[in-house]
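A, B, ... follow the sequence lines: proteins, then strands. Residue 1 opens every chain.
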2 protein chains.
Amino acid sequence: MPSRPDVRSNPRRRHRAAAATIHDVAARAGVSVATVSRVLNGKELVRAETSRHVRAAAKSLRYVPNVAARSLSIRRSQTIGIVLPDVHGEFFSEVIRGIDLAARAQGYHILVSGSHSDPSQMLDVVDTMRGRVDGLVVMAPDVTLAPLDELRARAMPVVLLNSATPNGDAITIDNYGGARAMMRHLHELGHTRIAFVRGPEHNADARERLRGYRHAMRGMAAESSRALECSGDFTEESGFAAGRRLAALNPRPTAVFAANDSMAVGVLASLMAAGVHVPEQMSVVGFDDIPIARYVNPALTTMRVDIAELGRCAFALLLDAISNPAVHAPRHDRVATTLVVRKSCGAPNVRPKQNAQPHRAERILKNGRKRVPEKGEVS
Amino acid sequence: MPSRPDVRSNPRRRHRAAAATIHDVAARAGVSVATVSRVLNGKELVRAETSRHVRAAAKSLRYVPNVAARSLSIRRSQTIGIVLPDVHGEFFSEVIRGIDLAARAQGYHILVSGSHSDPSQMLDVVDTMRGRVDGLVVMAPDVTLAPLDELRARAMPVVLLNSATPNGDAITIDNYGGARAMMRHLHELGHTRIAFVRGPEHNADARERLRGYRHAMRGMAAESSRALECSGDFTEESGFAAGRRLAALNPRPTAVFAANDSMAVGVLASLMAAGVHVPEQMSVVGFDDIPIARYVNPALTTMRVDIAELGRCAFALLLDAISNPAVHAPRHDRVATTLVVRKSCGAPNVRPKQNAQPHRAERILKNGRKRVPEKGEVS
DNA sequence: CCCTCGAATGTAAACGGTTACATTTTGCGG
DNA sequence: CCGCAAAATGTAACCGTTTACATTCGAGGG
């Protein structure tokens with residue numbers, strides 16, 4: 001028995017046409033709001049006929065539930081947050097695409113915030129997302145452990161992407177495995193004197209790639225590899241400088257493994273400037289398979305990282321953490337990389353051909369028509 | 001006089017530590033929830049001392065307002081939606097970056113949804129965003145007018161990006177002006193026989209660029225330009241095919257203007273394959289300034305589009321529409337483009353040098369070290 | 001014909017804020 | 001010391017859902 005009539009029952013909507021509410025639908029269908037809610041969420045028992053009436057009413061009123069009211073009530077927003085640093089555009093968009101696709105399939109929305117330079121700014125953003133999202137995917141490859149722990153204290157499921165990961169949920173590229181696979185490829189071609197161009201000291205990806213390189217060098221029983229390492233910072237310029245230093249080495253390395261593609265492109269340019277022929281005199285390989293890797297001359301052999309897959313995995317992990325907070329056990333998944341063989345490496349110690357010109361023209365043609373040869377290119 | 005005690009007053013929070021609410025803060029500060037709200041939103045008069053107490057209480061409880069409750073109450077989400085087609089990654093991420101930066105500065109969040117192939121899917125997404133966002137930035141360059149009008153009927157501020165725009169708010173690239181500026185550049189170099197590679201028939205950007213080309217050709221009092229137009233669809237392959245046709249023309253055009261950079265890259269590749277030297281025998285220019293434009297050989301002269309600026313403008317316009325729904329008048333803004341002169345065009349009818357090799361090596365070096373020369377490159 | 005029981009539906013209390021309006025304090029002239 | 005307007009604060013309705021609990025309805029058994 002109502003102690004007071006429902007205040008919202010009859011004359012709503014003042015002047016400008018407001019959106020229909022669940023009360024409007026209930027009135028139109030001649031049922032209570034509870035029944036409308038039940039029908040629309042499909043969880044409980046409702047007579048088939050009643051259900052039809054409600055659906056018809058909802059459709060005729062173009063009813064769309066108010067998500068704010070819904071999340072307030074169920075304390076879930078069906079939205080996840082993505083926090084990114086000011087990262088290279090291509091990578092950035094691919095990660096978002098991967099997460100977006102996976103999320104939409106599960107009825108989740110994504111709230112994006114990019115371009116954060118420092119940890120405190122990152123934490124600020126995370127705070128403003130509080131309540132707006134059910135969980136976070138955070139990418140912070142250069143951030144040290146302390147702020148990341150702070151982040152976990154935010155009492156919200158968080159999945160870290162490519163970050164230094166002491167504990168908790170995380171997804172990373174299999175940098176170590178990829179580096180070893182690349183080294184195996186070079187070794188099979190006959191290389192043993194392989195140089196390496198390092199990435200930034202504190203970058204998690206860079207460290208793992210270096211670790212893979214060193215491990216492989218030890219395994220090949222080669223000379224101490226430290227002399228063959230060059231510093232770099234993931235930029236093309238640093239690769240250019242490294243290439244110059246490597247070309248001057250005596251004896252010269254027969255192959256160069258750059259910790260990422262940008263630096264490999266720089267190495268390529270400086271070797272060409274120094275008159276060192278690639279791949280005849282020296283092989284060059286990179287890591288990432290960025291889009292321009294296939295456009296440089298010669299096209300770059302590299303380890304492809306499936307970035308969209310990275311996003312998909314991150315969402316899957318986050319969803320599990322959100323859905324089963326009780327039983328969820330923190331996990332650290334690694335996504336595999338793929339070797340992409342192009343033209344920038346061959347067997348060591350091959351004499352350069354005398355008339356390289358027509359040869360090169362042909363290469364450029366192939367670069368230009370990328371799509372067709374690209375299909376069967378992956379090995 | 002309370003007809004009934006406030007039910008939420010005392011014993012909240014059952015077992016797991018829930019986030020603090022405004023009631024907790026009020027209790028801690030010894031004031032009412034209204035006062036807390038006033039302090040935190042800073043709109044109304046509150047004694048300085050009271051304000052201090054409230055702030056201290058909020059901080060000590062790590063209070064973060066529940067945004068769902070807030071948006072339900074004020075009927076605003078402080079969030080805008082971005083709906084994108086499955087567009088090239090670089091463009092995609094730049095648009096988001098531009099909007100994100102502008103939005104965050106105004107305290108807005110962004111909800112992103114990409115990868116929509118058809119109009120109905122796009123409208124679905126827009127419906128699920130209903131109530132979640134205060135307005136939308138929609139990019140749909142290939143969508144025809146009808147669905148766009150449907151979109152506007154959604155009773156939410158909408159800003160269209162690079163779309164066919166009959167009416168309503170919109171931001172577009174100044175494709176027409178950019179095309180004319182490019183034509184002026186070619187004309188100043190001495191070209192009059194300029195070919196054009198068109199984009200997709202129904203694409204709004206492509207049509208405007210074509211319009212600029214035709215207008216300029218008429219202005220140059222050149223022969224009827226239709227014979228110099230080639231069809232294309234914005235892909236590299238179509239550019240390759242167009243280049244082949246153009247090389248076979250007699251008399252040959254002295255310059256080719258491709259409606260976008262991807263096609264220009266294709267043209268470049270096919271001309272090289274046909275033994276036509278660029279820029280000595282034929283100049284090639286594009287539109288967009290995509291990242292690889294500076295890596296191709298020779299580096300491509302093109303019209304740069306500041307995509308982030310596009311995003312900024314879109315947000316500014318949307319914010320105005322959201323904030324002043326009454327007085328806001330629909331606007332259609334155009335963002336300017338910038339001519340970027342690189343190596344792919346020169347004066348017509350110059351004989352190719354005999355030993356192009358050292359010359360080319362030097363070019364590649366410059367490409368490799370992009371950043372430094374890039375600084376002063378824009379004209 | 002009454003009682004019981006389960007299915008179908010209704011009622012109203014949350015969810016956590018904002019804000020119109022009511023009430024209490026304050027400051028100040030008389 | 002009173003009265004009164006302005007300033008400061010409190011009260012509770014309201015935003016639109018979900019959902020625990022209450023109620024109604026029908027059918028079947030005794």
Check: Between A:Leu84 and A:Ser113, is any pair of side-chain heavy atoms under 4.5 Å apart?
Finding: no

Next item on the list: Ignoring backbone atoms, test whether A:Ser32 places a side-chain nitrogen or oxygen under 4.0 Å from the OP1 or OP2 oxygen of C:dT9.
Entry: no

Next item on the list: Kindly write out the residues that satisfy ring-ring contact (aromatic ring centres under 6.0 Å, His included) with B:Tyr108, not counting sequence neighbours, or none if the list is empty.
Entry: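 B:Tyr108 satisfies ring-ring contact (aromatic ring centres under 6.0 Å, His included) with B:Phe315 once adjacent residues are dropped.
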
Whole Å only: how far is the [atom1] atom of [X] from the [atom2] atom of [N]?
X       : N      : atom1 : atom2 : answer
B:His23 : C:dA14 : NE2   : P     : 12 Å
A:Ile22 : D:dT19 : CD1   : C1'   : 11 Å
A:Gln78 : D:dT18 : CD    : P     : 12 Å
B:Leu45 : C:dT26 : CG    : P     : 16 Å
B:Leu72 : C:dT18 : CG    : P     : 11 Å
B:Arg76 : C:dG16 : CZ    : C1'   : 19 Å
A:Arg38 : C:dA8  : CZ    : C1'   : 8 Å
A:Glu49 : D:dG26 : CD    : P     : 13 Å

Among [options], which is the nearest nucleotide to the side chain of [X]?
X       : options                : value
A:Ile74 : C:dG16, D:dT19, D:dT11 : D:dT19
B:Ala69 : C:dG17, D:dG10, C:dT9  : C:dG17
A:Val33 : C:dT11, D:dG10, D:dT9  : C:dT11

Which part of the nucleic acid does [X] contact within heavy-atom distance under 4.0 Å: base, sugar-phosphate only, or nothing?
X       : answer
B:Ser71 : nothing
B:Val67 : nothing
B:Thr35 : sugar-phosphate

Margin query: Can a donor-acceptor pair be found, under 3.5 Å and without considering hydrogens, that links the side chain of A:Asp134 to the backbone of A:Gln78?
Written below: yes

Item checked: Stepwise side chain to side chain contact (heavy atoms under 4.5 Å, CB included) check, B:Asn324 with B:Val327 -> CA-CA 6 Å; B:Asn324 320 314; B:Val327 307; 3.4 Å; yes

Check: Which comes earlier along DNA chain C counting from the 5' end, the contact point of B:Arg47 or that of B:Asn66, where each point is its nearest nucleotide?
Finding: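 The residue mapped nearer the 5' terminus is B:Asn66.
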
Next item on the list: Could you check A:Ile110 against B:Leu111 for side chain to side chain contact (heavy atoms under 4.5 Å, CB included), going step by step and ending with a plain yes or no?
Entry: CA-CA 6 Å; A:Ile110 65 180; B:Leu111 203 54; 5.7 Å; no

Item checked: Overall bend - the helix from C:dC1-D:dG30 to C:dG30-D:dC1, comparing terminal axes fitted on five pairs, nearest 10 degrees ->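 It comes to 60° between the two terminal axes.
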
Next item on the list: Carefully, step by step, assess A:Val158 and A:Asp169 under the rule side chain to side chain contact (heavy atoms under 4.5 Å, CB included).
Entry: CA-CA 7 Å; A:Val158 173; A:Asp169 287 307; over 6 Å; no

Note to self: Set out, in order, the CA-CA distance, both residues' side-chain angles and the distance that settles side chain to side chain contact (heavy atoms under 4.5 Å, CB included) for A:Ile22 and A:Tyr63, then state yes or no.
What the structure shows: CA-CA 8 Å; A:Ile22 198 172; A:Tyr63 170 69; 3.7 Å; yes

Next item on the list: May I ask you to decide whether B:Arg52 forms a salt bridge with B:Glu49, counting only side-chain N to carboxylate O separations under 4.0 Å?
Entry: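 No salt bridge links B:Arg52 with B:Glu49.
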
Margin query: Both B:Thr50 and B:Ser73 contact DNA chain D. Taking the nearest nucleotide for each, which residue is further toward the 5' end?
Written below: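 Between the two, 5'-proximity favours B:Thr50.
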
Margin query: Does B:Arg75 contact D:dG16 through a side-chain donor or acceptor facing the base, at a distance under 3.5 Å?
Written below: no

